[in-house]
**Student:** 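Handing you this structure, nothing more for now.
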Amino acid sequence: MIKVVYFNIDDTLDYENGLLKEWGVDDVELIEIKDKTSGKFAEYLGDADGLVVEYEQVTDEVMGKCPKLKCVSVQSIGYNNLDVKAATERGVCLTNAPGFCAPEVALHTVGLLIDLVRKITFYDKSVRSGKWNPLEGYKTGRIAGMTFGMVFFGQIPKTMLPMLKALELKVLVYAPTKSGEYLAEYGCDKAETLDELLTKSDFVSLHCPLIKNVTYHLIGEPQLRKMKKTAYLLNTARGSVVDEQALVKALKEGWIKGAGIDVIEDETNETSGLFALNDNVVITPHAAFMSEDSFYAARRIALEQLVQRLHEKKIPSNLVNKNVVVDFSKD
């Protein structure tokens with residue numbers, strides 16, 4: 001029997017077991033583990049063939065304690081909690097769920113944009129504090145004709161395009177792996193460098209994964225100083241893509257006009273210097289991906305990947321570590 005451990009996943013596994021029955025898969029056993037005790041994670045893996053996690057750190061040490069492990073599937077787009085190098089060396093497939101929440105994150109990002117430009121949250125707080133003054137706070141203007149800058153160009157930015165076009169925004173994209181011709185097909189202009197995007201954009205929206213030594217603190221003090229003083233930063237990617245201390249300083253000192261933030265650097269302790277800023281920051285609790293539909297989409301995709309690798313004996317369609325060498329003869 002193929003054993004798959006689900007560790008600290010929300011809800012029961014009734015949905016997943018229903019899918020296995022629907023798919024006619026009868027050789028996979030799903031094991032549900034819930035334990036928030038620090039350091040206990042690896043103890044539960046034992047002879048597991050597969051593993052599903054959301055936020056747990058799957059390190060080389062963890063994989064070393066699970067000799068039969070063949071596939072780790074995350075119910076998310078980001079996979080910075082997985083040790084890609086170690087998994088590849090061990091022949092373990094890593095998979096994610098790209099696009100599972102693209103409609104939700106796209107709408108949430110545009111919602112943050114509109115909230116900041118129209119000062120909706122700002123006005124709400126002001127009214128509830130006893131004021132009724134539409135002139136309070138920073139000045140706003142029309143956004144038609146402004147430039148919306150996207151950092152990277154995956155499924156979420158593509159889903160946003162019709163909304164941005166409806167708002168009559170010009171779209172500029174910094175995506176090193178995408179050609180100008182490719183972006184032009186979507187009605188976007190290409191920024192050759194990140195600096196070009198930062199200096200030209202009225203809105204800078206982050207849509208890149210968190211990759212060590214690549215996108216960690218991609219936006220820091222030098223980058224924030226290059227942005228327009230009237231510009232807004234939107235981050236629905238990962239908290240550590242932005243140097244948070246630099247962003248706090250930028251907002252306090254007026255290097256940029258405002259920020260819409262769905263992710264922070266320290267989500268373990270749920271603390272941030274941004275929380276003390278009220279007038280020009282809108283913050284949501286890593287909720288951009290959330291909806292009933294995306295909740296089940298992520299779970300379905302994660303299980304599909306495991307079934308492909310463990311039951312169908314083939315390379316998963318959402319393989320993250322493309323260079324992994326899989327020896328099916330050892331299954």
Side-chain angles (χ1 to χ4, degrees), residues 77-78 80 105-106 109-110 112-113 116-117 138 141 143-158 160-161 163-165 167-265 272-274 277 280-282:
I77 298 173
N80 52 288
V105 179
T109 306
V110 174
L112 289 172
L113 179 161
L116 286 163
V117 170
Y138 55 83
I143 64 172
M146 286 186 173
T147 297
F148 189 91
M150 293 176 167
V151 178
F152 287 26
F153 195 68
Q155 189 58 48
I156 292 168
K158 291 173 185 174
M160 290 173 63
L161 288 176
M163 306 178 207
L164 300 175
K165 297 296 176 64
L167 295 172
E168 300 182 53
L169 287 161
K170 299 174 184 176
V171 180
L172 182 65
V173 177
Y174 171 65
T177 61
K178 303 293 189 295
S179 68
E181 292 76 18
Y182 177 84
L183 295 173
E185 292 178 7
Y186 290 92
C188 305
D189 294 323
K190 179 178 175 65
E192 295 297 338
T193 64
L194 178 59
D195 283 356
E196 180 187 351
L197 180 130
L198 295 172
T199 57
K200 290 183 176 179
S201 298
D202 299 290
F203 304 91
V204 174
S205 189
L206 306 177
H207 301 283
C208 47
L210 178 59
I211 304 172
K212 186 178 180 181
N213 299 326
V214 179
T215 60
Y216 176 78
H217 283 189
L218 182 69
I219 304 298
E221 181 168 336
Q223 291 74 32
L224 290 163
R225 287 189 180 277
K226 287 183 172 70
M227 291 174 63
K228 299 179 182 180
K229 290 186 179 297
T230 55
Y232 301 89
L233 179 71
L234 306 173
N235 188 10
T236 53
R238 285 291 186 266
S240 292
V241 171
V242 177
D243 180 340
E244 209 163 85
Q245 291 186 349
L247 178 57
V248 170
K249 187 177 180 181
L251 291 165
K252 284 182 176 180
E253 298 183 6
W255 307 350
I256 63 175
K257 194 167 188 176
I261 302 296
D262 184 55
V263 285
I264 58 174
E265 287 209 69
S272 171
L274 293 168
L277 305 180
N280 57 348
V281 183
V282 177

**Student:** Identify all side-chain donor-acceptor contacts of residues 247-260 below 3.5 Å with residues at least two apart in sequence or on another chain.
**Tutor:**
from   : atom 1 : to     : atom 2 : distance (Å)
Glu253 : OE1    : Trp255 : NE1    : 3.2
Lys257 : NZ     : Lys139 : O      : 2.5

**Student:** Atom OG1 of Thr147 and atom CG of Leu164: how far apart are they, to the nearest 0.5 Å?
**Tutor:**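 Output value for this atom pair is 11.5 Å.
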**Student:** Drop me the distance from Leu161's CG to Ile156's CD1, to the nearest 0.5 angstrom.
**Tutor:**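 Separation between the atoms: 12.5 Å.
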**Student:** Taking atom NZ of Lys178 as the centre, does the number of heavy atoms from other residues, nucleotides or ligands within less than 6.0 Å exceed 12?
**Tutor:**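 Yes, enclosed.
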**Student:** If you round to the nearest 0.5 Å, how far is NZ of Lys170 from CG of Asp189?
**Tutor:**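 Nearest 0.5 Å value for the CG-NZ distance: 8.5 Å.
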**Student:** With a 4.5 Å cut-off on side-chain heavy atoms, are Gln223 and Leu218 touching?
**Tutor:**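 Leu218 does not reach Gln223 side chain to side chain.
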**Student:** Are Val151 and Thr215 side-chain neighbours, meaning at least one heavy-atom pair lies under 4.5 Å?
**Tutor:**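 Answer no - side chains too far apart.
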**Student:** Which pair of non-hydrogen atoms, one from Ala231 and one from Ser201, has the smallest distance, and what is that distance?
**Tutor:**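 It is CB-O, 3.8 Å.
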**Student:** Which residues pass the side chain to side chain contact (heavy atoms under 4.5 Å, CB included) test with Met163, sequence neighbours left out?
**Tutor:**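 Met163: side chain to side chain contact (heavy atoms under 4.5 Å, CB included) contacts with Ala106, Leu107, Val110.
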**Student:** Where do Phe148 and Ser205 come nearest, in terms of heavy atoms and distance?
**Tutor:**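 Nearest pair, atom of Phe148 first, then Ser205: CZ-CB, 3.4 Å.
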**Student:** How close do Lys165 and Val171 get, counting heavy atoms only, and between which atoms?
**Tutor:**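 Closest approach of Lys165 to Val171: CE-CG2, 4.2 Å.
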**Student:** Starting at CG of Leu116, measure out to CZ of Phe203 and round the result to the nearest 0.5 Å.
**Tutor:**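 So the gap between those two atoms works out to 8.5 Å.
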**Student:** Let me confirm one number: the NZ-CD distance from Lys226 to Glu221, rounded to the nearest 0.5 Å.
**Tutor:**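 Interatomic distance, Lys226 NZ to Glu221 CD, rounded to 0.5 Å: 10.5 Å.
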**Student:** How many angstroms lie between CG in Asp195 and OH in Tyr174, if you round to the nearest 0.5 Å?
**Tutor:**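 Going from the CG atom of Asp195 to the OH atom of Tyr174 covers 9.0 Å.
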**Student:** Name all residues meeting the ring pair (Phe, Tyr, Trp, His ring centres under 6.0 Å) criterion together with Tyr186; count only those two or more places apart in sequence or in a different chain, and write none if there are none.
**Tutor:**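 Counting only residues at least two positions away or on another chain, Tyr186 forms a ring pair (Phe, Tyr, Trp, His ring centres under 6.0 Å) with Phe153, Tyr182.
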**Student:** Do any side-chain atoms of residues 232-242 form donor-acceptor pairs under 3.5 angstrom with protein atoms, and if so which ones, sequence neighbours left out?
**Tutor:**
from   : atom 1 : to     : atom 2 : distance (Å)
Asn235 : OD1    : Ala237 : N      : 3.0
Asn235 : ND2    : Arg238 : O      : 3.2
Thr236 : OG1    : Thr109 : OG1    : 3.1
Arg238 : NE     : Asn80  : OD1    : 3.3
Ser240 : OG     : Glu265 : OE1    : 3.2

**Student:** For the residue pair Leu172 and Ala191, what are the closest heavy atoms and their distance?
**Tutor:**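 Scanning both residues completely, I find the closest heavy atoms to be CD1-N, 3.8 Å.
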**Student:** Atom NZ of residue position Lys228 - does it have more than 12 heavy atoms of other residues, nucleotides or ligands inside 6.0 Å?
**Tutor:**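 Yes, the 6.0 Å shell around NZ holds more than 12 heavy atoms from other groups.
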**Student:** Go through the structure and list residues passing salt bridge (charged side-chain N to carboxylate O under 4.0 Å, His left out) with Asp243, not counting sequence neighbours.
**Tutor:**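 Result, salt bridge (charged side-chain N to carboxylate O under 4.0 Å, His left out) vs Asp243: none returned.
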**Student:** Can you list the residues that meet the side chain to side chain contact (heavy atoms under 4.5 Å, CB included) rule with Glu192, with sequence neighbours excluded?
**Tutor:**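 Testing Glu192 for side chain to side chain contact (heavy atoms under 4.5 Å, CB included), a comparison that skips the adjacent residues, returns Lys190, Glu196.
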**Student:** For residues Gly220 and Ala246, report the shortest heavy-atom separation together with the two atoms involved.
**Tutor:**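 Heavy atoms only, the tightest pair is C-CB, 4.1 Å.
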**Student:** Provide the closest heavy-atom pair for Gly141 versus Val117 in the form atom of the first, atom of the second, distance.
**Tutor:**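 Between these two residues, the closest heavy atoms are O-CG1, 3.9 Å.
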**Student:** Do Ile77 and Val105 touch side chain to side chain, with heavy atoms closer than 4.5 Å?
**Tutor:**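 Result no, sub-4.5 Å side-chain heavy-atom pair not found.
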